[in-house]
Chemist: 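Provided herewith is a single structure, encoded as structure tokens, for subsequent inquiry.
Sequence positions, counted from 1, serve as the residue numbers for this chain.
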Amino acid sequence: MKVCAVIPVYNHGGTVGGVAAKLREQGLPVLLVDDGSAAATAAQLDALARQDGIQLLRLPHNQGKGVAVIAGMRLAVEQGYTHGLQIDADGQHDAFDASRFVAAAQARPEALICGCPIYDASVPRARLYGRYATHIWVWINTLSFAVRDSMCGFRIYPLATTLPQLAHASMGRRMDFDTEIAVRLVWAGVPVVNQPTRVHYPVGGISHFRVWRDNVLISAMHTRLFFGMLWRAPLLLARKLRSNP
């Protein structure tokens, strides 16, 4: 089992260095994926990539978080890694929890280790409550409660079973990616381990969530997944009955 941390970066020059340093302290190799950042962040990423255990993959222009994560995971597989740890570059996740995620993956190497956020008082209330609409749709579209929080960008993917799912032309490429890949992995029969992790929203933190654009993308994704669930429903229900005799 070989784990590589994949960090999608888009103008997070002020925080990505700290995230990478914490991961390196835990012995994880780090792959930074520059999703078309501005010159200042690009220069910081070049400097980070000169450090031991950190490499940089640069995309030609901004294409979205999902595209960056997919590119990183594909490169990780080419380099012989079996698992990819995804974490955001903005510092909201407790990167020191990475060792706990890795331990969970070692215990269940076939599973998706999915972050389950423990929020502190810094979480914006509107964002916290708004997530429940997606939670409900994910539970409907998987006919299960397997994924407790599909929007958390802190997780470990088993790459052998994840990469085939990335071939779907309809796969979300921006903020809809995290949820869609989680649903598709459940459909594919990949077990899920929900790993609690602390989440803090730093003051002045950079968010690339665009309310109108990303909510439209997420709504379209839920609709697409719902119709995908309908023809898979007999299989999903049969699988559920087999696991709960």
Side-chain angles (χ1 to χ4, degrees), residues 1-35 37 41 44-45 48-49 51 53-57 59 64-77 79 81-106 111-120 122-123 131 147-159 162 174-175 177-179 181-182 185 192-202 205-209:
M1 179 175 173
K2 294 180 63 179
V3 183
C4 176
V6 176
I7 309 178
V9 186
Y10 180 53
N11 294 332
H12 293 103
T15 54
V16 65
V19 175
K22 292 173 183 176
L23 295 173
R24 289 298 299 136
E25 285 184 44
Q26 298 165 84
L28 283 169
V30 173
L31 171 57
L32 305 171
V33 185
D34 182 5
D35 187 26
S37 297
T41 295
Q44 290 172 306
L45 295 177
L48 287 171
Q51 298 179 20
I54 300 179
Q55 60 177 319
L56 174 62
L57 171 63
L59 303 184
K65 175 184 180 181
V67 173
V69 173
I70 290 170
M73 288 197 289
R74 285 176 172 159
L75 179 57
V77 167
Q79 296 181 347
Y81 292 101
T82 60
H83 290 72
L85 183 146
Q86 174 189 333
I87 187 170
D88 290 348
D90 59 6
Q92 68 173 267
H93 301 134
D94 185 352
F96 283 124
D97 276 350
S99 58
R100 299 169 60 215
F101 279 69
V102 171
Q106 289 171 334
L112 168 67
I113 313 301
C114 195
C116 189
I118 301 171
Y119 294 106
D120 61 17
S122 67
V123 61
R131 297 171 79 95
V147 180
R148 298 301 175 88
D149 190 311
S150 68
M151 301 183 77
C152 182
F154 194 2
R155 51 183 61 172
I156 292 183
Y157 298 98
L159 294 176
T162 300
R174 292 189 177 273
M175 295 299 182
F177 169 78
D178 289 343
T179 294
I181 187 62
L185 287 173
V192 179
V193 174
N194 293 285
Q195 176 64 47
T197 185
R198 291 159 292 184
V199 175
H200 173 77
Y201 285 81
I206 297 174
S207 172
H208 295 301
F209 188 88

Chemist: How are the rings of Phe177 and Tyr157 set to each other: parallel, tilted or perpendicular (split at 30° and 60°)?
Modeler: tilted
Chemist: My understanding is that only residues two or more places apart in sequence, or in another chain, count here; which of them pass salt bridge (Lys or Arg N to Asp or Glu O under 4.0 Å) with Asp97?
Modeler: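 Asp97: salt bridge (Lys or Arg N to Asp or Glu O under 4.0 Å) contacts with Arg100, Arg198.
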Chemist: How far does CG of Asp88 sit from NE2 of His93, to the nearest 0.5 angstrom?
Modeler: 4.5 Å
Chemist: Would you please test Asp178 and Met151 for side-chain contact (heavy atoms from CB on, under 4.5 Å) and show each step?
Modeler: CA-CA 6 Å; Asp178 289 343; Met151 301 183 77; 5.7 Å; no
Chemist: Could you report the tightest heavy-atom contact between Ser99 and Gln26, atom names first, then the distance?
Modeler: N-OE1, 2.8 Å
Chemist: Would you say Arg24 has more than 12 foreign heavy atoms packed within less than 6.0 Å of its CZ?
Modeler: yes
Chemist: Decide yes or no on side-chain contact (heavy atoms from CB on, under 4.5 Å) for Leu23 and Ile7, but give the supporting numbers first.
Modeler: CA-CA 11 Å; Leu23 295 173; Ile7 309 178; 3.8 Å; yes
Chemist: Kindly write out the residues that satisfy side chain to side chain donor-acceptor pair (under 3.5 Å) with Ser37, not counting sequence neighbours, or none if the list is empty.
Modeler: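 By the side chain to side chain donor-acceptor pair (under 3.5 Å) rule, Ser37 matches Asp34.
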Chemist: Mind listing the closest non-hydrogen atom pair of Ala182 and Arg155 along with its distance?
Modeler: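 The answer is CB-NH1, 4.2 Å.
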Chemist: Do Phe101 and Val3 come within less than 4.5 Å of each other through their side chains, counting heavy atoms only?
Modeler: no
Chemist: Mind checking the CG-CG spacing from Leu45 to Leu57? Nearest 0.5 Å is all I need.
Modeler: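 Going from the CG atom of Leu45 to the CG atom of Leu57 covers 11.0 Å.
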Chemist: Does the pair Leu48 and Leu56 meet the rule for a side-chain contact (heavy atoms from CB on, under 4.5 Å), with working shown?
Modeler: CA-CA 8 Å; Leu48 287 171; Leu56 174 62; over 6 Å; no
Chemist: Hey, what do you get for NZ (Lys2) to CD (Gln79), rounding to the nearest 0.5 Å?
Modeler: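 Taking NZ in Lys2 and CD in Gln79, the distance rounds to 8.5 Å.
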Chemist: Taking the side chain as everything from C-beta on, heavy atoms only, tell me whether Leu31 gets closer than 4.5 Å to Cys4.
Modeler: yes
Chemist: So how far is it from Met1 CE to Gln106 CD, rounded to the nearest 0.5 Å?
Modeler: 5.5 Å
Chemist: Of the non-hydrogen atoms in Lys65 and Gly153, which two are nearest, and what is the gap between them?
Modeler: NZ-CA, 4.0 Å
Chemist: Nearest heavy-atom pair of Ala95 and Val19: which atoms, and what distance?
Modeler: CB-O, 4.3 Å
Chemist: For the pair Gln44 and Thr41, evaluate side-chain contact (heavy atoms from CB on, under 4.5 Å) and give the outcome as yes or no after the intermediate values.
Modeler: CA-CA 5 Å; Gln44 290 172 306; Thr41 295; 4.1 Å; yes
Chemist: Is the closest side-chain heavy-atom distance between Gln92 and Phe154 below 4.5 Å?
Modeler: no
Chemist: How far apart are the closest heavy atoms of Cys114 and Val147, and which atoms are they?
Modeler: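 In this case the closest contact between Cys114 and Val147 is SG-CG1, 4.2 Å.
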Chemist: Looking at Ala76 and Leu159, what are the two nearest heavy atoms and their distance?
Modeler: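 The pair with the smallest heavy-atom distance is CB-CD1, 4.1 Å.
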Chemist: Could you grab the distance from atom CG of Asp149 to atom OG1 of Thr179, nearest 0.5 Å is fine?
Modeler: 8.0 Å
Chemist: Supply the atom-to-atom distance Leu85 CG to Ile156 CD1, rounded to the nearest 0.5 angstrom.
Modeler: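 So the CG of Leu85 and the CD1 of Ile156 are separated by 4.5 Å.
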